[in-house]
Amino acid sequence: MSPSSPRRAVRRRSCLRVLTTFLVAVAAVGCGRYAQVERITTAPGVGDAAAIELLATGAHTTALDTWAHKRATTLSIPMRAARAYGYAAIVVAKSQPECHLGWTTLAGIAKIESDHGRFRGATITAEGMVRPVIRGVALDGTNGNARIVDPEASARAAQTVFARAAGPFQFIPDTWERWGIRAGVGREAAERLIDAGKTGLPQETLGSPDNIDDAALAAARYLCASGGDLSTSTGWRQAIFSYNHSDAYVARVYAAASSYAAR
């Protein structure tokens with residue numbers, strides 16, 4: 001069984017149909033409005049040579065900060081967010097080398113989901129927390145959305161509370177319970193947890209979907225489990241489609257990730 005999607009609960013209408021490895025790069029939401037059609041023959045990649053070297057060496061904190069600062073300046077990504085994407089890619093490169101997840105894929109998803117944690121004026125603290133928190137619409141079964149109850153919130157409120165996607169990567173509660181991980185446990189510990197293939201980690205290692213480091217690492221885990229080898233167009237598309245079952249969404253993430261990889 002494939003893992004539950006962070007965003008699969010939100011069912012979006014699309015007038016686009018995608019055959020095999022063809023994607024429509026959408027410039028505006030709506031039927032019949034698009035900029036261009038691209039043939040995906042490879043995944044977006046990890047970015048520039050410095051990023052590839054960083055992933056290969058598993059760079060220390062100082063080198064990672066230097067790398068993230070350069071990406072932030074060049075690509076208009078918050079430095080704290082760029083660091084989270086690079087760190088997650090490093091951890092996965094060590095623990096799941098067969099996945100070949102590029103940091104640009106994580107950046108592409110976060111761009112679409114929350115503008116790198118900046119949705120509606122939110123900012124990222126030095127500790128990686130996104131404030132104010134970012135929440136999606138209530139998944140109450142209306143407007144094409146699935147109906148998903150948040151059992152923990154409902155128990156606390158003593159009434160039905162519907163789930164909402166949370167954080168810069170928009171995880172719904174049950175998906176976070178399965179794939180969430182606290183990046184602060186340390187790189188080696190995180191690598192061991194991911195390498196062991198454990199899901200549903202104890203609370204002390206579960207982290208928070210509102211933390212950019214935790215969310216990026218959890219998204220990396222999820223994508224690798226969903227797509228297999230993300231260096232292939234098939235694996236990459238499968239991973240992104242599992243994140244949100246929408247061809248238009250895949251196209252938007254591809255466009256964003258490719259733009260980061262090319263600059």
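Atom set for the values below is all heavy atoms of this structure, side chains included, hydrogens, waters and symmetry mates excluded. Just so you know, these numbers come straight off a predicted model, no measurement behind them.
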Rounded to the nearest 0.5 Å, what separates atom [atom1] in [X] from atom [atom2] in [Y]?
X: Ser242; Y: Arg237; atom1: OG; atom2: CZ; result: 10.5 Å
X: Ile109; Y: His116; atom1: CD1; atom2: NE2; result: 11.5 Å
X: Ile148; Y: Thr175; atom1: CD1; atom2: OG1; result: 7.5 Å
X: Glu191; Y: Leu217; atom1: CD; atom2: CG; result: 10.0 Å
X: Leu223; Y: Cys99; atom1: CG; atom2: SG; result: 7.5 Å
X: Thr123; Y: Met129; atom1: OG1; atom2: CE; result: 11.5 Å

Would you say [X] and [Y] make side-chain contact, with heavy atoms under 4.5 Å?
X: Ile181; Y: Arg221; value: yes
X: Glu177; Y: Glu152; value: yes
X: Tyr87; Y: Leu64; value: yes
X: Trp103; Y: Ile90; value: no
X: Asp214; Y: Leu206; value: no
X: Arg83; Y: Asp65; value: yes
X: Arg164; Y: Leu139; value: no
X: Thr104; Y: Tyr85; value: no

Taking [X] for the side chain and [Y] for the main chain, is one N or O donor matched with an acceptor at less than 3.5 Å?
X: Gln96; Y: Cys224; result: no
X: Thr74; Y: Arg71; result: no
X: Ser154; Y: Thr160; result: no
X: Asp115; Y: Arg118; result: no
X: His100; Y: Glu98; result: yes
X: Thr73; Y: His69; result: yes
X: Asn211; Y: Gly167; result: no

Grab the two heavy atoms, one from [X] and one from [Y], that are nearest each other, plus how far apart they are.
X: Ala138; Y: Phe162; answer: CB-CB, 4.2 Å
X: Val253; Y: Thr105; answer: CG1-O, 4.4 Å
X: Phe171; Y: Ala219; answer: CZ-N, 3.6 Å
X: Val130; Y: Gly117; answer: CG1-O, 3.7 Å
X: Ala218; Y: Trp176; answer: CB-CZ3, 3.4 Å
X: Ala190; Y: Val91; answer: CB-CG1, 4.1 Å

When you look at Asp213 and Arg80, which way does the side chain to side chain contact (heavy atoms under 4.5 Å, CB included) test go after all the steps?
-> CA-CA 9 Å; Asp213 297 313; Arg80 200 60 188 74; 2.5 Å; yes
Salt-bridge test for [X] and [Y]: reply yes if a basic N is under 4.0 Å from a carboxylate O, no otherwise.
X: Asp174; Y: Arg178; value: no
X: Asp140; Y: Arg147; value: no
X: Asp247; Y: Arg252; value: no

Check the angle between the aromatic planes of His245 and Phe241 and answer parallel, tilted or perpendicular using the 30° and 60° thresholds.
->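 Parallel: the ring planes of His245 and Phe241 meet at under 30°.
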Kindly determine whether Arg135 and Asp210 satisfy salt bridge (Lys or Arg N to Asp or Glu O under 4.0 Å), including the steps that lead there.
-> CA-CA 9 Å; Arg135 293 291 181 269; Asp210 295 314; 2.8 Å; yes
State yes or no: are the ring centers of Trp236 and Tyr254 separated by less than 6.0 Å?
->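 Between Trp236 and Tyr254, the centre distance is under 6.0 Å.
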Side-chain donor-acceptor pair present, Tyr243, Glu113, cut-off under 3.5 Å =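 Note: Tyr243 and Glu113 side chains miss the donor-acceptor criterion.
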Are a donor atom and an acceptor atom from the side chains of Ser231 and Asp229 found within less than 3.5 Å of each other?
->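 Side-chain D/A pair, Ser231 to Asp229: present.
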Path from Leu75 to Phe119 over hydrophobic side-chain contacts below 4.5 Å =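 Yes, Leu75 and Phe119 fall within the same hydrophobic cluster.
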